[in-house]
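Notes follow once the structure below has been shown.
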Protein chains: 2
Amino acid sequence: MTDPPRARAPRRDAAANREALIEAARVLLNEDPETSLDTIATAAGLTRRAVYGHFPSRNTLLAELAERGAARVAAAVARATSDDPVVDVALLGRLVWDEIEHVRAMTRMVVHGPLRERIGPALGLIHERLVGDAARAAELGTGRGDLPPEVVAHLIEGAAFTVLDESTRAGLSRVEGRRLVILAGLSALGLSWREAQAVLDTHRALLDEEAQR
Amino acid sequence: MTDPPRARAPRRDAAANREALIEAARVLLNEDPETSLDTIATAAGLTRRAVYGHFPSRNTLLAELAERGAARVAAAVARATSDDPVVDVALLGRLVWDEIEHVRAMTRMVVHGPLRERIGPALGLIHERLVGDAARAAELGTGRGDLPPEVVAHLIEGAAFTVLDESTRAGLSRVEGRRLVILAGLSALGLSWREAQAVLDTHRALLDEEAQR
DNA sequence: GCCATCTTGCACAACCATGTGCAAGATCAC
DNA sequence: GTGATCTTGCACATGGTTGTGCAAGATGGC
């Protein structure tokens, strides 16, 4: 199980370079999801060749990046829950948003690309919670009862992606994005815009900085 | 202005082949937006080499395909209007949906890719109409007043794309897709799910086959 | 049937990626 | 300082794409 005894400890700068690569990838893939390894390596202050000293393939690097993000999202999602399904949808929107709004393009790429399976668990967590919320909200009569919970969950998720795009286009601030993702999500859940606004008014913490810490 | 006198009329099969290419591109690009020219040509019963007898470049072919689609959508959109902005949004959803539900992937690719400028006019038509509807609906109090009309229009458009995905995933029929795109659009406009349903109940023609002919 | 009009088949250039091999150098641990 | 641990720089293989050139063949117009 343990590695064969090393003659010497690994160099510290190597670990730093590895991080630099991941960080550069995060930034660049966000601007262009198809950025080449060469571009990423250069941005990290390395050569393309050196990358292969840290990752066996380009895809491995992307996978690690995706999994780190997924872990962060999963942790965030576990941070808070609400018994009221409507509030829970809003809460979920806020929690996820704070984790992904700065990696918009990456999110699109990972969720809708072949790397999706790498982040399945985190996605599943969110999805199942949304499905549950949609079902309970429908029972309570506070959420839409005209569509299957599964479909409603997809609509909410889709609305979040729309807000990601809109956020880029309009240059929304973090808080504006939060508000929009919550409003769009609640609309998809079937609330009228006044009802959605009422939820925000009642639960001010949804928009507060670091409210759920 | 007139072409230099031809020694002879162009061959009929050539024109047919040109159409076959476009048709094959339509079908294949729908399954995979990055299908190669070779694949398209073969599917059309031609060689890759022959394609260059009809189109100077791959992009030219895509552009023609996109422009044809845009023209169809623009024509459809002009087919009907409603004075009630809420109904107009539903109507728009239905009209556009019927034109694009069978070219889902293409739509995504064209709207969000570099070919977008080729279809600017058609897109602009829809967008402006949605913005107008959102503004009027907000004034009337039937649509959301918490977001700028511009943003509301984007939410509605985004909802339509979400339904495109959902339609593929769940294998929705044409009519089911219509219903869903309308419901999702009206939700984005700020209606509660019961209000949206009421719109559908009042305007049965929205779901009828060939209602707006 | 003639001949212009496509179409084919093949070769080729160019581009742009990823991934490897290897020798020489820089850097850090000890 | 010594030596293992990275990093570089280069060459090269591989695989994919688009776009061209050109001769030979098939097809349809007149």
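Below, each value reflects all heavy atoms present in this structure, side chains not excepted, and no hydrogens, waters or symmetry copies. Numbers restart at 1 for each chain; the letters A, B, ... are given by sequence-line order, proteins then strands. Predicted model only: the values in this text are computed from it and were never measured.
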In whole Å, what is the span from the [atom1] atom of [X] to the [atom2] atom of [N]?
{"X": "A:L21", "N": "D:dC6", "atom1": "CG", "atom2": "P", "result": "14 Å"}
{"X": "A:L46", "N": "D:dC6", "atom1": "CG", "atom2": "C1'", "result": "10 Å"}
{"X": "B:R12", "N": "C:dT7", "atom1": "CZ", "atom2": "C1'", "result": "18 Å"}
{"X": "A:D32", "N": "C:dA17", "atom1": "CG", "atom2": "C1'", "result": "13 Å"}
{"X": "A:N17", "N": "D:dT5", "atom1": "CG", "atom2": "P", "result": "17 Å"}
{"X": "A:D13", "N": "D:dT8", "atom1": "CG", "atom2": "P", "result": "10 Å"}

Query raised in the report: Considering only side-chain heavy atoms of A:R11, which listed nucleotide, D:dT5, D:dC6, C:dC6, is closest?
Result: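 The closest nucleotide is D:dT5.
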Query - Nearest listed nucleotide, side chain of A:A50, among D:dT8, C:dT27, C:dC6 - result: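 Selected nucleotide: D:dT8.
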Query raised in the report: Just wondering, do B:L180 and B:W97 contact through their side chains at under 4.5 Å, heavy atoms?
Result: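 A side-chain contact is absent here, since even the closest heavy-atom pair is not under 4.5 Å.
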**Report entry** Validation row: B:T107, B:F161 side chains within 4.5 angstrom (heavy atoms)
**Finding:**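 Side chain of B:T107 against side chain of B:F161, heavy atoms only: contact under 4.5 Å found.
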Requested in this report: Can you check each nucleotide of nucleotides 9-19 of chain D against protein heavy atoms at under 4.0 Å and return B for base, S for sugar-phosphate only, - for none, in 5' to 3' order?
Outcome: BB------SBB
**Report entry** Crowding at CZ, A:R179 (>12 non-hydrogen neighbours, <6.0 Å)
**Finding:**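 Atom CZ in A:R179 is packed in, count exceeds 12.
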I'd like a table of donor-acceptor pairs (distance under 3.5 Å, sequence neighbours excluded) in which one partner is a side-chain atom from residues 48-61 of chain A, with atom names and distances.
unit_1	atom_1	unit_2	atom_2	d
A:S57	OG	A:N59	N	3.3
A:S57	OG	A:T60	N	3.2
A:S57	OG	A:T60	OG1	2.9
A:R58	NH1	A:T35	O	2.8
A:R58	NH2	A:T35	O	3.3

Query raised in the report: Do any side-chain nitrogens or oxygens of B:H54 fall under 4.0 Å of OP1 or OP2 in C:dC6?
Result: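 False: B:H54 side-chain N/O out of range (4.0 Å or more) of C:dC6 OP1/OP2.
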Query raised in the report: Can you name the residues that form a side chain to side chain contact (heavy atoms under 4.5 Å, CB included) with B:A74, not counting sequence neighbours?
Result: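 Residues passing side chain to side chain contact (heavy atoms under 4.5 Å, CB included) with B:A74: B:A122, B:L125.
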Query raised in the report: Side chains of B:T39 and B:S36: donor-acceptor distance under 3.5 Å anywhere?
Result: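 Short answer, yes.
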